[in-house]
Amino acid sequence: MLITMTDRGPDSAGIAIYNHVTDKKGKITVQSDAPDTDFNSLESELEKQVKGDVNLRIQSTHAVLELRADQMNSARTILKQLRPNLRVMSTGESLEIYKEVGLPKDVAARFDIKKMSGSHGIGHTRMATESAVTTMGAHPFNTGSDQCLVHNGSLSNHNSLRRKLRRDGVHIQTENDTEVGAAYLTWKMQNGSSLGEALESSLDDLDGFFTFVVGTKDGFGVVRDPIACKPAVMAETDHFVAFGSEYRALVNLPGIEQARVWEPEPATVYFWKH
Amino acid sequence: MQTYDLANGSLRELNATLHAQNDTTNQTSWEIVNPRGAHAIACGLDSPIEVAIHGSTGYYSAGMNQQATVNIKGSAGPGVAENMMSGKVVIDGDASQYAGATGNGGLLVIKGNASSRCGISMKGINIVVHGNIGHMSAFMAQSGNLVVCGDAGDALGDSCYEASIFVRGSVKSLGADCEEKEMRPEHMEILRELLLQGECDAKPAEFKRFGSARTLYNFNVDNAY
């Protein structure tokens, strides 16, 4: 699916995958520009400081750190001191996010996406319009524990919204518009909204074009702006629910000929759960 | 009958082959298999041939059509039959955004539902939709007829000029300067003919007609923000 979508977004690609849930364990996925040095002895150094078991799994420029769920927050603080250059891609019990710049086929090969398995996942290919082509500008974005966001479109009020969110203490790292969208959802949820409510209010507070797909621990959601210029196609069978920017992305799915294929309505929040 | 398999051949070669047919060709019937959502299938045809596409298509299929009859035996992606000049395009399934956009002539039949912006800026094309249409349909429509046997979404006919819009079901909302119009015998006759051509058994008497209130034709300072 990612490779089919290369001509929509050739500059970066990413995947969020939900898998390997271990009771009372959490996962932090990190990225490094110098994985050989950064990941070397990270496992033992972190174990010493958090005083608990850490399991490190390296996948190219990314590594998944698995540790006790109640040690996740302290581990993040310690990571900042141990390896200040590491970038946190995702945190959660189930979610792992892998993303890099480059052609989708190269990114898919780098992370060996073919071998990945899980209950659900979201892939994205990027054609940058609002900010630089960097790893941090690639999608998916982590919006909270086990939550992620991908975006097709461009937000036009991201600068003013970024300033507003920063005043409220929200940490936003780049000039990317989608990161602001992700931070907005996170901020809404920290202030008591459910993900569904946060998506509903995004329809009022975000200006610009968007089709968002959000991943949750047990499913995913879709919302399109009221104008709905940005495409979205759903396919549903008894065995799966799939989303794509266009039908071409879905044609290799099993049983697609018999699937119910439809377009989500504008300004409507949809959710699917396992 | 000629068959072209897009699983084995290139889209460019297919379209070039179809373009090479002229008014006197003996190869008047074409079957395209394995479209798999590819873009721009059977675009720019200009000869009286019949093309059947077995499956769903991606962006801009049967665009800029003249003379040809194209039947998509599946659903169509965004911009199907865009800027058609003449001929006929029939979609057995649903159509995505802006079906029949800017069309100057010919007939577009959608047997399923059409998404948003169906018939946007239409300039003489006739469109018959058996199901529903999405929001902002017939936006700035200039001439031609849009027939909807189901329901219409928000802002139907916004800022339209002289196109006629016929809706059998409900209209969620009318766009700026669009209003319901009297259905006179000549409109019933146009509608009856289009329903016949569009293979639709709905009764003309069940439809309402909508069109321009013509209040935006001249500048009015009260319309300014």
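Throughout, a chain's letter reflects where its sequence line sits, starting with A, and its residues are numbered from 1. Computed over heavy atoms, backbone and side chain alike; hydrogens, waters and symmetry mates excluded.
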Measuring from Asp7(A):CG to His39(B):NE2, what's the distance to the nearest 0.5 Å?
6.5 Å

Which atoms of Ile256(A) come close to chain B, meaning under 4.5 Å heavy atom to heavy atom: side chain ones, backbone ones, both, or neither?
neither

Quick check: closest heavy atoms across Asp94(B) and Val261(A), and the distance to 0.1 Å?
OD2-O, 4.2 Å

For a quick test of reading the model, state the closest non-hydrogen atom pair linking Arg248(A) to Gly37(B) and the distance between them.
CD-O, 3.4 Å

I want to check something: taking the side chain as every heavy atom from C-beta on, are Tyr247(A) and Ser96(B) in contact at a cut-off of under 4.5 Å?
no

Take atom CD in Glu100(A); do more than 12 heavy atoms of anything else shown fall under 6.0 Å from it?
yes

Using heavy-atom distances under 4.5 Å, tell me whether Ala155(B) contacts chain A through its side chain, its backbone, both, or neither.
neither

Within a 6.0 Å radius of atom NZ on Lys164(A), are there more than 12 heavy atoms belonging to other residues, nucleotides or ligands?
no

Scanning both residues in full, the closest heavy-atom pair of His135(B) with Ala228(A) reads CE1-CB, 4.1 Å

What closest approach, in Å, do Arg224(A) and Gln97(B) show between heavy atoms, and which atom pair accounts for it?
NH2-NE2, 4.0 Å

Asn220(B) atom CG, neighbour heavy-atom count above 12 within 6.0 Å
yes

Identify the residues of residues 265-274 of chain A whose heavy atoms come closer than 4.5 Å to a heavy atom of chain B, ordered by number, or report 'none'.
Pro266(A)

Ranking Ser116(B), Gly77(B), Ser56(B) by heavy-atom pairs under 4.5 Å to chain A gives rank one to Ser56(B)

Can you confirm whether Pro78(B) sits close enough to Glu246(A) that some side-chain heavy atom of one is under 4.5 Å from a side-chain heavy atom of the other?
no

